[in-house]
Amino acid sequence: MIFLGVIALLISTQIQANTWSQASHPASIADTAQSIGTYNNGCLSGAVALPKEGLGFQVMRLSRNRFYGHPDLKQFIEHLGQTTALQGLGVLLVGDLGQPRGGPTLTGHRSHQTGLDVDIWFLLSQQAAKRSLTSNERETWNAASVLAGHSDALNFSQWSPANAKVLEAAARMPEVDRIFVNPSVKRELCRNKNMPTQWLRKIRPWWKHDDHFHVRLKCPLGNPHCVAQEPLPSGDGCDSGLAWWFSAEAKKPASGKPAPTPPLPALCHKLLKD
(Lines give C-alpha, C1' and ligand atoms only; values in the text may rest on other atoms or scores of the structure.)
Protein backbone atom coordinates (compact mmCIF):
# COMPACT_ATOMS: atom_id res chain seq x y z
CA MET A 1 0.00 0.00 0.00
CA ILE A 2 2.88 2.36 0.77
CA PHE A 3 4.36 1.61 -2.64
CA LEU A 4 1.06 2.39 -4.36
CA GLY A 5 0.84 5.64 -2.40
CA VAL A 6 4.29 6.68 -3.62
CA ILE A 7 3.32 5.88 -7.22
CA ALA A 8 0.13 7.93 -6.91
CA LEU A 9 2.11 10.85 -5.47
CA LEU A 10 4.60 10.74 -8.34
CA ILE A 11 1.82 10.61 -10.94
CA SER A 12 0.01 13.56 -9.34
CA THR A 13 3.25 15.58 -9.23
CA GLN A 14 3.97 14.76 -12.87
CA ILE A 15 0.49 15.84 -13.99
CA GLN A 16 0.84 19.14 -12.14
CA ALA A 17 4.27 19.80 -13.63
CA ASN A 18 3.01 18.99 -17.12
CA THR A 19 0.23 21.56 -16.74
CA TRP A 20 2.67 24.32 -15.80
CA SER A 21 5.16 23.38 -18.52
CA GLN A 22 2.43 23.81 -21.15
CA ALA A 23 1.98 27.50 -20.28
CA SER A 24 3.87 28.99 -23.22
CA HIS A 25 3.75 32.67 -22.25
CA PRO A 26 3.68 34.79 -19.08
CA ALA A 27 0.50 36.01 -17.45
CA SER A 28 -0.18 38.63 -14.81
CA ILE A 29 -2.65 38.97 -11.97
CA ALA A 30 -1.19 42.22 -10.59
CA ASP A 31 0.14 45.56 -11.79
CA THR A 32 3.72 44.58 -10.96
CA ALA A 33 5.63 41.31 -11.16
CA GLN A 34 4.93 39.03 -8.21
CA SER A 35 6.84 36.03 -6.94
CA ILE A 36 4.27 33.87 -5.16
CA GLY A 37 4.89 31.11 -2.63
CA THR A 38 8.17 29.40 -1.80
CA TYR A 39 11.11 28.81 -4.10
CA ASN A 40 10.12 25.14 -4.47
CA ASN A 41 6.35 25.52 -4.36
CA GLY A 42 5.13 28.65 -6.07
CA CYS A 43 4.68 30.57 -9.30
CA LEU A 44 5.43 33.89 -10.99
CA SER A 45 3.08 36.60 -12.19
CA GLY A 46 4.39 39.14 -14.71
CA ALA A 47 7.49 37.23 -15.76
CA VAL A 48 9.93 38.73 -18.25
CA ALA A 49 12.14 36.87 -20.72
CA LEU A 50 15.89 37.14 -20.50
CA PRO A 51 17.33 38.01 -23.95
CA LYS A 52 19.17 35.07 -25.47
CA GLU A 53 22.38 37.08 -25.14
CA GLY A 54 23.74 40.34 -23.82
CA LEU A 55 26.99 41.88 -22.63
CA GLY A 56 28.84 39.13 -20.82
CA PHE A 57 26.24 36.35 -21.10
CA GLN A 58 24.56 33.91 -23.49
CA VAL A 59 21.58 31.67 -22.73
CA MET A 60 21.78 27.92 -23.25
CA ARG A 61 19.08 25.30 -23.88
CA LEU A 62 16.61 27.75 -25.42
CA SER A 63 14.35 24.84 -26.40
CA ARG A 64 13.50 24.25 -22.74
CA ASN A 65 11.69 27.62 -22.60
CA ARG A 66 13.00 28.25 -19.09
CA PHE A 67 14.49 31.68 -19.66
CA TYR A 68 11.78 33.60 -17.76
CA GLY A 69 12.10 35.25 -14.39
CA HIS A 70 11.16 38.12 -12.15
CA PRO A 71 12.42 41.47 -13.52
CA ASP A 72 14.85 41.57 -10.57
CA LEU A 73 16.40 38.30 -11.80
CA LYS A 74 16.76 39.60 -15.36
CA GLN A 75 18.43 42.73 -14.02
CA PHE A 76 20.76 40.69 -11.81
CA ILE A 77 21.95 38.49 -14.70
CA GLU A 78 22.52 41.48 -16.95
CA HIS A 79 24.44 43.25 -14.18
CA LEU A 80 26.59 40.19 -13.45
CA GLY A 81 27.27 39.75 -17.17
CA GLN A 82 28.41 43.36 -17.43
CA THR A 83 30.65 42.92 -14.40
CA THR A 84 32.32 39.78 -15.76
CA ALA A 85 32.78 41.39 -19.17
CA LEU A 86 34.32 44.57 -17.77
CA GLN A 87 36.68 42.54 -15.57
CA GLY A 88 37.67 40.33 -18.50
CA LEU A 89 36.51 37.16 -16.75
CA GLY A 90 34.73 35.65 -19.76
CA VAL A 91 31.15 35.08 -20.86
CA LEU A 92 28.54 33.55 -18.56
CA LEU A 93 26.62 30.63 -20.02
CA VAL A 94 23.17 30.81 -18.45
CA GLY A 95 21.12 27.68 -17.87
CA ASP A 96 17.63 27.51 -16.41
CA LEU A 97 15.77 30.43 -14.92
CA GLY A 98 12.10 29.44 -14.79
CA GLN A 99 9.02 28.76 -16.88
CA PRO A 100 6.80 31.54 -18.28
CA ARG A 101 4.58 31.37 -15.19
CA GLY A 102 6.99 29.62 -12.90
CA GLY A 103 5.60 26.57 -11.16
CA PRO A 104 6.90 22.98 -11.06
CA THR A 105 8.87 21.59 -13.99
CA LEU A 106 8.70 18.23 -15.72
CA THR A 107 12.36 17.37 -15.23
CA GLY A 108 14.56 18.29 -12.31
CA HIS A 109 14.49 21.48 -10.31
CA ARG A 110 12.15 21.37 -7.40
CA SER A 111 13.04 25.03 -7.02
CA HIS A 112 13.13 27.66 -9.81
CA GLN A 113 9.37 28.11 -9.34
CA THR A 114 9.05 31.79 -8.40
CA GLY A 115 11.36 33.43 -10.92
CA LEU A 116 14.15 34.14 -8.42
CA ASP A 117 16.57 31.29 -9.23
CA VAL A 118 19.10 30.90 -12.04
CA ASP A 119 21.74 28.32 -12.92
CA ILE A 120 24.99 29.60 -14.43
CA TRP A 121 27.65 27.28 -15.80
CA PHE A 122 31.17 27.35 -14.39
CA LEU A 123 32.41 27.13 -17.98
CA LEU A 124 33.62 30.59 -19.05
CA SER A 125 33.74 29.96 -22.78
CA GLN A 126 36.34 31.74 -24.88
CA GLN A 127 34.34 30.97 -28.03
CA ALA A 128 31.27 32.66 -26.60
CA ALA A 129 33.40 35.70 -25.83
CA LYS A 130 34.10 36.13 -29.55
CA ARG A 131 30.74 35.36 -31.17
CA SER A 132 27.12 34.38 -30.69
CA LEU A 133 26.74 30.66 -30.18
CA THR A 134 24.63 28.83 -32.73
CA SER A 135 21.31 27.26 -31.82
CA ASN A 136 22.90 23.83 -32.12
CA GLU A 137 25.77 24.77 -29.81
CA ARG A 138 23.35 26.09 -27.22
CA GLU A 139 21.54 22.74 -27.26
CA THR A 140 24.47 20.33 -27.46
CA TRP A 141 27.23 21.86 -25.38
CA ASN A 142 27.51 20.44 -21.88
CA ALA A 143 28.56 22.14 -18.69
CA ALA A 144 31.88 20.64 -17.61
CA SER A 145 32.32 19.51 -14.01
CA VAL A 146 35.01 21.30 -12.02
CA LEU A 147 35.73 18.09 -10.09
CA ALA A 148 38.51 15.65 -10.92
CA GLY A 149 36.72 12.45 -11.85
CA HIS A 150 34.50 11.18 -9.04
CA SER A 151 36.68 12.67 -6.32
CA ASP A 152 36.26 15.70 -4.06
CA ALA A 153 39.31 17.38 -5.60
CA LEU A 154 38.96 20.26 -8.02
CA ASN A 155 40.10 19.88 -11.61
CA PHE A 156 42.18 23.00 -12.15
CA SER A 157 41.91 22.68 -15.91
CA GLN A 158 38.21 23.51 -15.44
CA TRP A 159 38.36 25.69 -12.33
CA SER A 160 40.26 28.98 -12.30
CA PRO A 161 40.57 32.18 -10.25
CA ALA A 162 38.10 33.72 -12.71
CA ASN A 163 35.40 31.39 -11.40
CA ALA A 164 36.08 32.56 -7.86
CA LYS A 165 35.88 36.20 -8.96
CA VAL A 166 32.52 35.61 -10.65
CA LEU A 167 31.13 34.01 -7.50
CA GLU A 168 32.43 36.86 -5.37
CA ALA A 169 30.92 39.46 -7.70
CA ALA A 170 27.55 37.70 -7.55
CA ALA A 171 27.62 37.20 -3.77
CA ARG A 172 28.41 40.87 -3.16
CA MET A 173 25.23 41.99 -4.93
CA PRO A 174 22.70 42.94 -2.23
CA GLU A 175 19.73 41.32 -3.95
CA VAL A 176 21.36 37.87 -3.75
CA ASP A 177 20.15 35.69 -0.89
CA ARG A 178 22.47 32.70 -1.38
CA ILE A 179 24.45 30.80 -4.01
CA PHE A 180 24.58 27.00 -4.10
CA VAL A 181 27.84 25.33 -5.14
CA ASN A 182 29.47 21.93 -4.81
CA PRO A 183 31.09 21.55 -1.35
CA SER A 184 34.53 21.29 -2.98
CA VAL A 185 34.04 24.71 -4.54
CA LYS A 186 33.13 26.18 -1.17
CA ARG A 187 36.20 24.55 0.38
CA GLU A 188 38.46 26.03 -2.30
CA LEU A 189 37.04 29.49 -1.71
CA CYS A 190 37.61 29.10 2.02
CA ARG A 191 41.21 28.02 1.49
CA ASN A 192 41.92 31.14 -0.52
CA LYS A 193 39.79 33.62 1.36
CA ASN A 194 41.00 37.16 1.87
CA MET A 195 39.64 39.80 4.22
CA PRO A 196 36.89 40.85 4.28
CA THR A 197 35.09 37.54 3.69
CA GLN A 198 31.49 38.33 4.58
CA TRP A 199 30.42 37.54 1.01
CA LEU A 200 31.45 33.90 1.59
CA ARG A 201 28.49 33.54 3.94
CA LYS A 202 26.21 33.51 0.89
CA ILE A 203 28.12 30.66 -0.78
CA ARG A 204 26.36 27.52 0.41
CA PRO A 205 27.51 23.92 -0.17
CA TRP A 206 24.91 21.64 -1.73
CA TRP A 207 24.79 18.26 -3.40
CA LYS A 208 25.88 18.11 -7.05
CA HIS A 209 26.37 21.67 -8.39
CA ASP A 210 29.80 20.68 -9.68
CA ASP A 211 29.20 22.05 -13.21
CA HIS A 212 27.19 25.17 -12.37
CA PHE A 213 26.29 27.50 -9.55
CA HIS A 214 22.74 28.31 -8.54
CA VAL A 215 21.92 31.89 -7.57
CA ARG A 216 18.83 32.61 -5.48
CA LEU A 217 17.58 36.15 -5.02
CA LYS A 218 15.81 37.56 -1.99
CA CYS A 219 12.07 38.17 -2.10
CA PRO A 220 11.64 41.47 -3.98
CA LEU A 221 10.16 44.51 -2.29
CA GLY A 222 6.44 44.84 -2.89
CA ASN A 223 5.98 41.07 -3.27
CA PRO A 224 3.93 40.22 -0.16
CA HIS A 225 3.12 36.67 -1.29
CA CYS A 226 6.77 35.69 -1.72
CA VAL A 227 7.93 33.39 1.10
CA ALA A 228 11.55 33.97 2.10
CA GLN A 229 13.93 31.15 2.94
CA GLU A 230 15.24 30.84 6.48
CA PRO A 231 18.07 33.30 7.32
CA LEU A 232 21.63 32.20 6.67
CA PRO A 233 23.73 31.05 9.63
CA SER A 234 26.22 33.56 10.99
CA GLY A 235 29.86 33.43 9.94
CA ASP A 236 31.46 32.73 6.58
CA GLY A 237 30.62 29.00 6.53
CA CYS A 238 34.26 27.89 6.51
CA ASP A 239 33.94 26.04 9.83
CA SER A 240 33.22 22.49 10.95
CA GLY A 241 29.86 22.61 9.21
CA LEU A 242 31.68 22.55 5.89
CA ALA A 243 33.66 19.48 6.92
CA TRP A 244 30.39 17.52 7.31
CA TRP A 245 29.81 17.68 3.56
CA PHE A 246 32.84 15.43 3.04
CA SER A 247 31.71 12.82 5.58
CA ALA A 248 30.25 9.39 4.86
CA GLU A 249 26.91 10.58 6.24
CA ALA A 250 26.69 13.41 3.72
CA LYS A 251 27.54 11.10 0.83
CA LYS A 252 24.95 8.49 1.79
CA PRO A 253 21.92 8.58 -0.54
CA ALA A 254 18.67 9.66 1.07
CA SER A 255 16.23 6.89 1.86
CA GLY A 256 12.53 6.71 2.50
CA LYS A 257 9.50 7.81 0.51
CA PRO A 258 9.37 11.35 -0.91
CA ALA A 259 7.62 13.97 1.16
CA PRO A 260 4.17 14.96 -0.11
CA THR A 261 4.16 18.09 -2.24
CA PRO A 262 1.95 20.73 -0.59
CA PRO A 263 -0.71 22.44 -2.70
CA LEU A 264 0.38 25.47 -4.64
CA PRO A 265 -0.86 28.84 -3.35
CA ALA A 266 -4.37 29.74 -4.48
CA LEU A 267 -3.01 32.71 -6.46
CA CYS A 268 -1.03 30.27 -8.60
CA HIS A 269 -4.21 28.49 -9.68
CA LYS A 270 -5.68 31.84 -10.62
CA LEU A 271 -2.57 32.67 -12.63
CA LEU A 272 -2.68 29.36 -14.48
CA LYS A 273 -6.24 30.01 -15.66
CA ASP A 274 -5.38 33.31 -17.38
Before we go on, tell me: are the rings of Phe213 and Phe122 under 6.0 Å apart, centre to centre?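 Under 6.0 Å, so yes.
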For the ring pair Trp245 and Trp207, is the centre-to-centre distance below 6.0 Å?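 Under 6.0 Å, so yes.
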Shortest non-hydrogen contact between [X] and [Y], atoms and distance:
X	Y	result
Arg66	Thr105	NH2-CB, 3.6 Å
Leu62	Val59	CD2-CG1, 3.7 Å
Ala171	Trp199	CB-O, 3.6 Å
Ser45	Ser28	OG-CA, 3.3 Å
Trp121	Ala143	CD2-CB, 3.4 Å
Gly42	Leu264	N-CD2, 3.5 Å

If we count only N and O atoms by modelled type, under 3.5 Å, do the side chains of [X] and [Y] hold a donor and an acceptor together?
X	Y	answer
Gln158	Ser145	no
His25	Arg101	yes
Asn155	Ser157	yes

Regarding [X] and [Y], does a basic nitrogen lie under 4.0 Å from an acidic carboxylate oxygen?
X	Y	value
Glu137	Arg131	yes
Arg138	Glu53	yes
Arg64	Asp96	yes
Lys218	Asp177	no

Donor-acceptor pair, side chain of [X] and main chain of [Y], under 3.5 angstrom:
X	Y	value
Gln127	Leu133	no
Tyr39	Gly115	no
Arg201	Pro233	yes
Ser35	Thr114	yes
Thr197	Lys193	no
Asn41	Pro263	yes

Within one Ile-Leu-Val-Met-Phe-Trp-Tyr cluster: [X] and [Y], side-chain cutoff 4.5 Å:
X	Y	value
Val94	Met173	yes
Leu89	Met60	no
Leu50	Val48	no
Val181	Val176	yes

Atom pair [atom1]/[atom2] of [X] and [Y] - distance to nearest 0.5 Å:
X	Y	atom1	atom2	answer
Leu200	Leu189	CG	CG	6.0 Å
Ile120	Leu167	CD1	CG	9.0 Å
Asp119	Ser111	CG	OG	7.5 Å
Leu93	Leu123	CG	CG	5.0 Å
Asn65	Leu97	CG	CG	11.0 Å
Glu175	Leu116	CD	CG	11.0 Å

Could you go step by step and tell me if Val215 and Phe76 meet the side chain to side chain contact (heavy atoms under 4.5 Å, CB included) rule? CA-CA 10 Å; Val215 180; Phe76 161 77; 3.7 Å; yes
Validation row: [X], [Y] side chains within 4.5 angstrom (heavy atoms):
X	Y	result
Cys268	Leu44	no
Trp244	Pro183	no
Trp159	Val185	yes
Trp206	Asn182	no
His70	Asn223	yes
Leu272	Trp20	yes
Gln34	Pro224	yes
Thr38	Gln113	no

Yes or no on side-chain hydrogen bond (donor to acceptor under 3.5 Å, both in side chains) for Ser63 and Glu139, after CA distance, side-chain angles and deciding distance? CA-CA 8 Å; Ser63 64; Glu139 296 298 327; 2.7 Å; yes
From CA spacing to verdict: side chain to side chain contact (heavy atoms under 4.5 Å, CB included), Val91, Leu124: CA-CA 5 Å; Val91 170; Leu124 295 168; over 6 Å; no
Count the heavy atoms of every other residue, nucleotide or ligand shown that sit under 6.0 Å from CG of Asn192, and state whether that count exceeds 12.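 Yes, enclosed.
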Considering residues, nucleotides and ligands other than Gln229, do more than 12 of their heavy atoms fall under 6.0 Å from its CD?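 Yes.
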If the plane angle is over 60° it's perpendicular, under 30° parallel, otherwise tilted; pick one for Phe180 and His214.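 If you compare the ring of Phe180 with that of His214, the planes turn out perpendicular.
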Derivation of the side chain to side chain contact (heavy atoms under 4.5 Å, CB included) call for Asp152 and Lys251: CA-CA 11 Å; Asp152 290 325; Lys251 296 176 184 297; 2.9 Å; yes
Test Ile29 against Ile36 for side chain to side chain contact (heavy atoms under 4.5 Å, CB included), laying out the working first. CA-CA 11 Å; Ile29 56 174; Ile36 301 166; 4.1 Å; yes
